[in-house]
Amino acid sequence: MMGDLKPRQHLSEILERGALPYAPMAMPEQTLSRKRSFRVLQPLLQWLALK
Amino acid sequence: MIAFRRLLSLLFTATIAAVASLLAIGYFSSDGLQWLDIARVVLLAISTAWLAWGAVLALNGLLSSERRRETASPSQSRSEAKTVVLVPVYNEEPAKTFSHVAAMAKSLIHLGVESRFDFAILSDTNDEHIAAKEVFWLARLREEVGDTCHVYYRRRQSNPGKKAGNIADFIKSSGALYEYLIILDADSLMEGATMVEMVRRMEEDPELGLLQTLPKVIRAQSFFGRAIQFSASYYSPLYARGVAALQGAEGPFWGHNAITRTRAFAQSCGLPELSGRPPFGGHILSHDYVEAALLARNGWKVRLDPDMRGSFEEGPDNVVDFAKRDRRWCQGNLQHGRVLVAPRLRGWSRFTFVQGIMAYVAAPLWALFLAASIIAPSIKEVPDYFPVPGLLPVFPRVEQAEALALLTGVFGLLIGPKLLILLHGALTGRNRRFGGTLRCAANMLTEIISTSILAPVMMLFQTRAVLEVLAGADSGWPAANRDAGRVNLAETWSASWWIVVAGLVTIGAAYQLAPDYLPWVLLVAAPQIAAPLLISITSRPSNALKQRLGLFCTVEEAAPSPVMQIQQAVLANWRADPAFKSADAFTKVGMSSQFGSAR
């Protein structure tokens, strides 16, 4: 019966038995924002940079 | 085929909106067209388009034949793939949540397939007292299901990313062990046979990244809750068929009661934080729609199978809790405005975000239309009855026919699909499962009347939610109040006094500015003035009405699914056990700090 549980003794045992198995998997972060593209302005920016 | 269906549906919607606009222009311009009339026409066009889209979903559901996919018996399903059932919890009542897990595990054990399924309770609970109870009930759960079915438990010390972060954390630490993840909510319940069938369907199609079931709402007690439960049981399957027919492989993910391929989910659904602060920045609140869009972006199919039975959830039992949940969903959906332009998303995924946004923006649009209609008559010029002096007066042309057609059209869009579902049920025999066509008609009428009365109240709750989000207020992450039932007048007053004020202001404004419209305005304002009373009354248990009149009876109530019966028996057994009371004592021994470091 759970009523008989001795909290401190059982606690670590309960959690140990319930611990998740370790088997990692990669979960790369996805891109949701658009990088602003200044393609139209690029020649102008390059020209200015050269100047 | 699907492109044609989508095009036709969009055309239908656009046509309805155009017709409504033309009728409105005809009616509003009878005494001269002003800038406010133009604004009213635009508001009406958008709102009507949204209503028409709802009708389109129902029509698609009715027109697409009920495609019941082949369902294998659990014993026929020979898959050896390992699946984990994820149960994310956040300050939930552990005894109840864990009894759901026990029932699902027992259902799998009964089928003899428990070795292929593990359960993982992923706790984000930050209330130490509840967290301690979780450990207590974990032990009780283990006793209940035995050693044959693995039940894991882990608690995060902090909860970055909230539910999405909780699941991502599991995948990063333990995902490689499992081919499939069944993602649930704390109140979800699923038949073992349904889980086995979900795995079989995933195995059948290697390109399928996520399979969503249509969960039926169960265990509602109040009038309000049971009205929603009836709608979900009677109308939703048809609407869901429409959604499935239109979304195809870019289907929806509703965040729970679904299965996903771990590899696909891990590869596609690592969610970044959005720049800036909440409500528009920070972590993604309504992660499910975004995850579905990301899976589709990576070429995985996301499918809704409405024919899948044995999938259940619980819902809010009163308007206040419904509005609280809606506030969170509103923020999540409006935040999707940031994701709408994400690169490489499928067009229909973007359109799904728009639908989610419209679900909430529609309310303030209707409120604006109402306000504009009250103000409009007061700024109209006084008509010139004698354009030619001395002759007979010329009265302005009042386009009653246009107004009537408009009104009928709007009501038709609201009620028409439901009537068609009733007719469909009568013709196919589906109504028999709900107590026959007469009972269905009576239930439908009661549902339409009650939701129509509550609609102006819900409109203001949603309008406020949208305005709060736009003003930058964050909803936070309140725990779901799953067991709250009846709310008394004091509680409803504190939640809805401002709706009463809004109703009174509306009546005052109509009396001053548009007295002719007062009877129509009363239809909207009167329920708002009575909001505290209505919310309280509809939160009362409706068991007597159910037993005497069969009010809002559903298939799940008439014949509860085995897993529902097991869960109820387990919880009753646990609650009768003296251990239930000792749970409190157990949790007061001060071990929170110990198990807090269990990770």
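All of these numbers come straight from a predicted model, not from anything done at the bench. Throughout, protein chains are lettered first and strands after them, A, B, ... in sequence-line order, and every chain is numbered starting at 1.
The contact between B/Phe265 and chain A is made by backbone and side chain atoms together, counting heavy-atom distances below 4.5 Å. Contacts of B/Asp118 with chain A are absent, with no heavy-atom separation under 4.5 Å from either backbone or side chain. Only the side chain of B/Leu294 comes within less than 4.5 Å of a heavy atom of chain A; its backbone N, CA, C and O stay farther away. Only the side chain of B/Ile284 comes within contact range of chain A, judged by heavy atoms closer than 4.5 Å.
The residue among B/Ala120, B/Ser275, B/Ala168 with the most heavy atom pairs within less than 4.5 Å of chain A is B/Ala168.
Closest heavy-atom contact between A/Ala26 and B/Ala266: O-CB, 3.5 Å. The shortest non-hydrogen separation linking A/Ala19 to B/Tyr152 is O-CD2, 3.2 Å. Across A/Met27 and B/Lys172, no two heavy atoms sit closer than the pair CB-CE, 3.9 Å. The two atoms that bring A/Leu20 and B/Arg154 nearest to each other are CD1-CG, 3.3 Å, heavy atoms only.
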Which pairs of donor and acceptor atoms, one on a side chain in residues 339-349 of chain B, lie under 3.5 Å apart (sequence neighbours left out)?
from, atom 1, to, atom 2, distance (Å)
B/Arg346, NH1, B/Glu250, OE2, 3.2
B/Arg346, NH2, B/Ala296, O, 3.4

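Each salt bridge (charged side-chain N to carboxylate O under 4.0 Å, His left out) pair with one or both residues in residues 331-340 of chain B, not counting sequence neighbours, would appear here, but there are none.
Between B/Val290 and A/Gln30 the shortest side-chain heavy-atom distance does not fall below 4.5 Å.
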